[in-house]
A.B. asks: 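Take a look at the following structure, please.
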Amino acid sequence: MTTVIPFGPQHPVLPEPVSLKLEIDDDVVVGVLPSLGYVHRGLETFINTKDFNQTTYVCERICGICSALHGITYTRTVEKLFDTEIPERAQYIRVIVGELNRLHSHLLWLGLFADGFGFESLFYECWKYREEVLDVAERICGNRVIHSISKVGGVTRDLTKEHIDMLLKMCDSLETEIKNIEKVFVNNYTVKQRLVGLATLSKQVAYEVGTAGPTLRGSGNAIDVRETPDWDIYKDLGFKTAVEKDGDCYARTKVRITELLNSLTIIRNAISKMPEGEIEVRVKGFPTGEAIMRTEQPRGEVIYYVKGNGTKKLERLKVRTPTFANIPSLLLMLPGVKLADVPIVVLTIDPCVSCTER
Amino acid sequence: MGMLNLVLTNISRKPATRLYPFEIREPFKEFKGRIVFDPENCILCGLCQKKCPPDAITVTKADKTWELNLFRCIMCTECVNGCPKGCLSISNERAKTGAKEVIKIAVPIVDKPKAPKAAPSK
């Protein structure tokens, strides 16, 4: 005989409201029924009242953690619509801010994850390191979380020599700190007991269901938008896709830690290769036609679709976010897991509900 | 051994937090704290109102006033970049929350005397 237990919408491990109805037999999950829609704000319709420059700020407010990457993706889509090339320096600044975004998102997730399996001191440690990244972001962009660095045609702020020194200093100190927490996440006996072999997703299933981001790469699929021609600036920056074969919670954690170290390498290389020059070009006219662009966010691949009709307002904006792609794989992972492990499995896809519902 | 290292470094290290209401960190000079309006050069053109994404700014030509709704402002600084006379700027001091909803500033704009109409040529 099975029992139905509600998980969420308010739960200590969930930062945002998502409700899962768990069907439980004895202590093991048998079936899951998700329900979303608690934080729907109608942002895709709201853009009909704003012009295409102002929509950048609406898009940044889709998500609080990966705000800069939402803004960057939107502006890249509109630039594709206008068929404009932005200066190389602006592209490098976008890459640096995007990687800062990834650093603070992954450190936040590692902290929440450690809290999820009851390792409080590790949680504080991760969030302490995240604070360094936020300070740097505040000095570069003017804000801690909503960066507003990208605009149609370039970026709003330039990097000075002080900023570059500060970024290099942050990279050096974070590298030792991340290697410290990596030891705990990878070698600790208790952590391994909780994570190894939990909620395994095979390579083939992960690919077929359309999983995105570290969840997909944790299952052995080396797929990353940063390698594709859609965002080819990463080719020269020594970027390597982080892949793990096992497909369990432990593999996904290791993928995220490797991505943290990769981000530091990318920031260092971007600073060394950044050319001097202009940071924006002027975009004239009103958009017509359609464009699609994708970007690798901390959680996975985000896709923006934009349609313009020759006026200053866009006719349609459509966003497909990584968490939306990861929910089907979560429903496949949960059956067979014990009730006590459900919070850990839900956290491994790094759910961002306000992204998904917009 | 690893734990001993951790204990010794933590004993000699400063605390990671600060006693917030008593010790307030200096704001960074690049921080977007609040918008400062200088009414001297304003010509009431209304470009800041047009560019503002959340409609926080209202420029009334009839009353000669400039209004900023603090509860709506998202500190995007579009108005600062768009002002043709440079009357708007960003200060790195944090705005006091909830002190006032709307800041209303009178603009001392002087009406230029109208040029006398040219006499119709005969």
Side-chain angles (χ1 to χ4, degrees), chain A residues 43 46-47 49-61 67 71 121-122 124-132 134-160 162-163 166 176-177 179-181 183-184 187-188 280 312, chain B residues 1-11 13-20 23-36 46-57 69-84 88-95 97:
Chain A
L43 289 183
F46 180 65
I47 61 117
T49 60
K50 300 287 164 199
D51 71 32
F52 71 92
N53 278 319
Q54 293 174 342
T55 305
T56 315
Y57 300 104
V58 179
C59 290
E60 287 206 320
R61 276 147 185 85
S67 63
S121 58
L122 193 56
Y124 286 122
E125 203 74 8
C126 292
W127 280 46
K128 195 173 83 181
Y129 301 151
R130 176 176 176 252
E131 213 52 37
E132 287 178 31
L134 288 180
D135 277 353
V136 172
E138 186 177 344
R139 293 189 66 177
I140 290 175
C141 315
N143 274 332
R144 276 159 64 85
V145 177
I146 308 281
H147 297 319
S148 304
I149 191 79
S150 191
K151 71 186 228 183
V152 178
V155 288
T156 50
R157 288 188 176 205
D158 200 358
L159 287 185
T160 59
E162 278 177 17
H163 292 152
M166 190 181 59
T176 50
E177 288 161 356
K179 279 181 180 163
N180 267 343
I181 52 171
K183 277 181 209 162
V184 186
N187 300 331
N188 190 295
E280 60 171 308
K312 66 178 180 180
Chain B
M1 193 61 200
M3 191 176 164
L4 187 68
N5 274 341
L6 202 67
V7 169
L8 290 174
T9 46
N10 276 334
I11 286 172
R13 202 161 54 184
K14 278 185 186 174
T17 51
R18 68 177 74 80
L19 290 167
Y20 165 64
E23 290 172 36
I24 296 173
R25 192 198 68 191
E26 282 285 304
F28 297 125
K29 71 172 191 283
E30 298 93 342
F31 175 61
K32 292 192 258 185
R34 63 188 170 90
I35 286 172
V36 181
L47 266 180
C48 48
Q49 183 184 352
K50 269 186 195 167
K51 290 210 165 188
C52 184
D55 301 333
I57 298 175
N69 191 331
L70 291 174
F71 288 5
R72 280 188 162 222
C73 181
I74 56 168
M75 290 308 306
C76 62
T77 62
E78 276 285 291
C79 52
V80 177
N81 300 333
C83 183
L88 287 162
S89 57
I90 324 163
S91 161
N92 66 350
E93 286 172 27
R94 195 174 285 275
T97 41

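Proteins come first, then strands; the chains are lettered A, B, ... in the order of their sequence lines, and each starts at number 1.
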A.B. asks: With no hydrogens and no angle check, is any side-chain donor or acceptor of A/Thr56 less than 3.5 Å from a backbone partner on A/Ser150?
C.D. replies: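 Checking the backbone N and O of A/Ser150 against the side chain of A/Thr56, no donor-acceptor pair under 3.5 Å is found.
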
A.B. asks: Any donor-acceptor pair under 3.5 Å linking the side chain of A/His147 with the backbone of A/Ser67?
C.D. replies: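 No, A/His147 side chain to A/Ser67 backbone: no donor-acceptor pair under 3.5 Å.
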
A.B. asks: Heavy-atom cut-off 4.5 Å, strictly under: side chain, backbone, both or neither for A/Arg157 against chain B?
C.D. replies: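 Side chain only.
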
A.B. asks: Is it the backbone or the side chain of A/Asp135 that comes under 4.5 Å from a heavy atom of chain B, or both, or neither?
C.D. replies: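 Backbone plus side chain of A/Asp135, per the 4.5 Å heavy-atom cut-off to chain B.
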
A.B. asks: With sequence neighbours excluded, tell me which residues meet salt bridge (charged side-chain N to carboxylate O under 4.0 Å, His left out) with A/Glu138.
C.D. replies: B/Arg25

A.B. asks: Where does B/Lys29 contact chain A at under 4.5 Å (heavy atoms): side chain, backbone, both or neither?
C.D. replies: side chain

A.B. asks: Looking at A/Glu60 and A/Ser148, would you say the former's side chain and the latter's main chain have a donor-acceptor pair under 3.5 Å?
C.D. replies: yes

A.B. asks: Sort B/Ile90 into side chain, backbone, both or neither according to what part of it lies under 4.5 angstrom from a heavy atom of chain A.
C.D. replies: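 Only the side chain of B/Ile90 comes within 4.5 Å of chain A.
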
